[in-house]
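For the numbers below, each heavy atom of this structure counts, side chains included, while hydrogens, waters and symmetry mates do not.
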Amino acid sequence: MEYYEEPPIVCPECGMPTHSLKCYRLPKLVLCLYFYAFWRSQDFLACPSCMRKKILFYGFTYNILSANILWPIIVLPWTIVNLIRSTTKGHSSDVYEYLEPIEE
């Protein structure tokens, strides 16, 4: 089985070309006030090293206090899965949809 290397794409965060651009939905804001829960997620597009910085920031530092009860149940597993996914080679499947030009 032959491996076809995907073309490099420039990372919008650092400007470096990469063969592994990632596009993940991360928890931008998670708020839990006992009986009320609110979350907002956002798609981020970046190379693996820039993506790991975003994952660590939004998963471990930014949401840990506001998510309180939900952090170990939802945010922590979501963060760990995304960290593992960011180590895979090649562009993530959502990258092509995100970069696809709008056809009129």
Side-chain angles (χ1 to χ4, degrees):
M1 183 169 152
E2 294 182 26
Y3 173 73
Y4 295 101
E5 192 172 286
E6 299 180 9
I9 300 174
V10 175
C11 172
E13 295 290 321
C14 65
M16 298 296 294
T18 180
H19 291 280
S20 295
L21 198 65
K22 307 296 179 189
C23 182
Y24 297 146
R25 182 167 299 230
L26 302 178
K28 179 97 180 199
L29 174 66
V30 179
L31 179 65
C32 180
L33 301 171
Y34 300 104
F35 298 109
Y36 177 76
F38 171 80
W39 63 88
R40 181 174 292 153
S41 57
Q42 181 178 351
D43 291 335
F44 288 98
L45 183 69
C47 66
S49 62
C50 293
M51 183 59 76
R52 280 187 216 101
K53 290 175 190 172
K54 293 221 178 267
I55 292 169
L56 291 173
F57 177 73
Y58 287 110
F60 287 122
T61 59
Y62 187 71
N63 284 308
I64 195 165
L65 292 176
S66 62
N68 56 50
I69 297 170
L70 295 179
W71 188 82
I73 299 168
I74 296 174
V75 178
L76 181 62
W78 191 358
T79 301
I80 292 171
V81 167
N82 280 328
L83 279 174
I84 293 168
R85 288 176 51 203
S86 71
T87 62
T88 59
K89 292 185 179 185
H91 303 307
S92 61
S93 59
D94 296 337
V95 168
Y96 296 112
E97 295 172 14
Y98 191 85
L99 295 176
E100 187 176 274
I102 299 172
E103 296 180 14
E104 295 181 17

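- Residue pairs that meet the salt bridge (Lys or Arg N to Asp or Glu O under 4.0 Å) test with at least one member in residues 62-80, sequence neighbours left out, do not exist here.
- Rounding to the nearest 0.5 Å gives a distance of 10.0 Å between CD1 of I73 and CG of N68.
- Scanning all heavy atoms of the two residues, the minimum distance from P17 to P8 falls at CB-CB, 4.2 Å.
- Side chain of D43 to backbone of C23: no donor-acceptor contact under 3.5 angstrom is found.
- In this structure, S41 contributes its side chain and P27 its backbone to no donor-acceptor pair below 3.5 Å.
- Here salt bridge (Lys or Arg N to Asp or Glu O under 4.0 Å) pairs that include residues 27-36, with residues two or more places apart or in two chains, number zero.
- Among residues at least two apart or in separate chains, salt bridge (Lys or Arg N to Asp or Glu O under 4.0 Å) pairs with a member in residues 53-65 are E13-K54.
- In terms of hydrophobic clustering, with Ile, Leu, Val, Met, Phe, Trp and Tyr side chains grouped at heavy-atom distances under 4.5 Å, M16 and V10 are assigned to different clusters.
- Here the closest heavy-atom approach between residue T18 and residue P48 is recorded as OG1-CD, 4.0 Å.
- Counting only heavy atoms from C-beta outward, the side chains of I9 and V95 approach each other to under 4.5 Å.
- Rounded to the nearest 0.5 Å, atoms SG (C50) and CG (L21) are 9.5 Å apart.
- When all heavy atoms of A37 and L70 are compared, the pair lying nearest together is CB-CD1, 3.8 Å.
- The line from OH of Y58 to CG of L26 is 8.5 Å long, rounded to the nearest 0.5 Å.
- The backbone N or O of F60 lies less than 3.5 Å from no partner atom in the side chain of W71, so there is not a single donor-acceptor pair.
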Donor-acceptor contacts, no H, no angles, side chain residues 76-88, under 3.5 Å, sequence neighbours left out:
| residue | atom | partner | partner atom | Å |
| --- | --- | --- | --- | --- |
| W78 | NE1 | R25 | O | 3.3 |
| T79 | OG1 | V75 | O | 2.8 |
| N82 | OD1 | R85 | NH1 | 3.0 |
| N82 | ND2 | W78 | O | 3.3 |
| S86 | OG | R52 | NE | 3.3 |
| S86 | OG | L83 | O | 2.7 |
| T87 | OG1 | I84 | O | 2.6 |
| T88 | OG1 | K22 | NZ | 3.2 |
| T88 | OG1 | R85 | O | 2.8 |

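- Checked against side chain to side chain contact (heavy atoms under 4.5 Å, CB included), F38 has the following partners two or more places apart in sequence or in another chain: L29, L31, Y36, R40.
- Judged as a salt bridge (Lys or Arg N to Asp or Glu O under 4.0 Å), not a single pair has a partner in residues 59-78 (not counting sequence neighbours).
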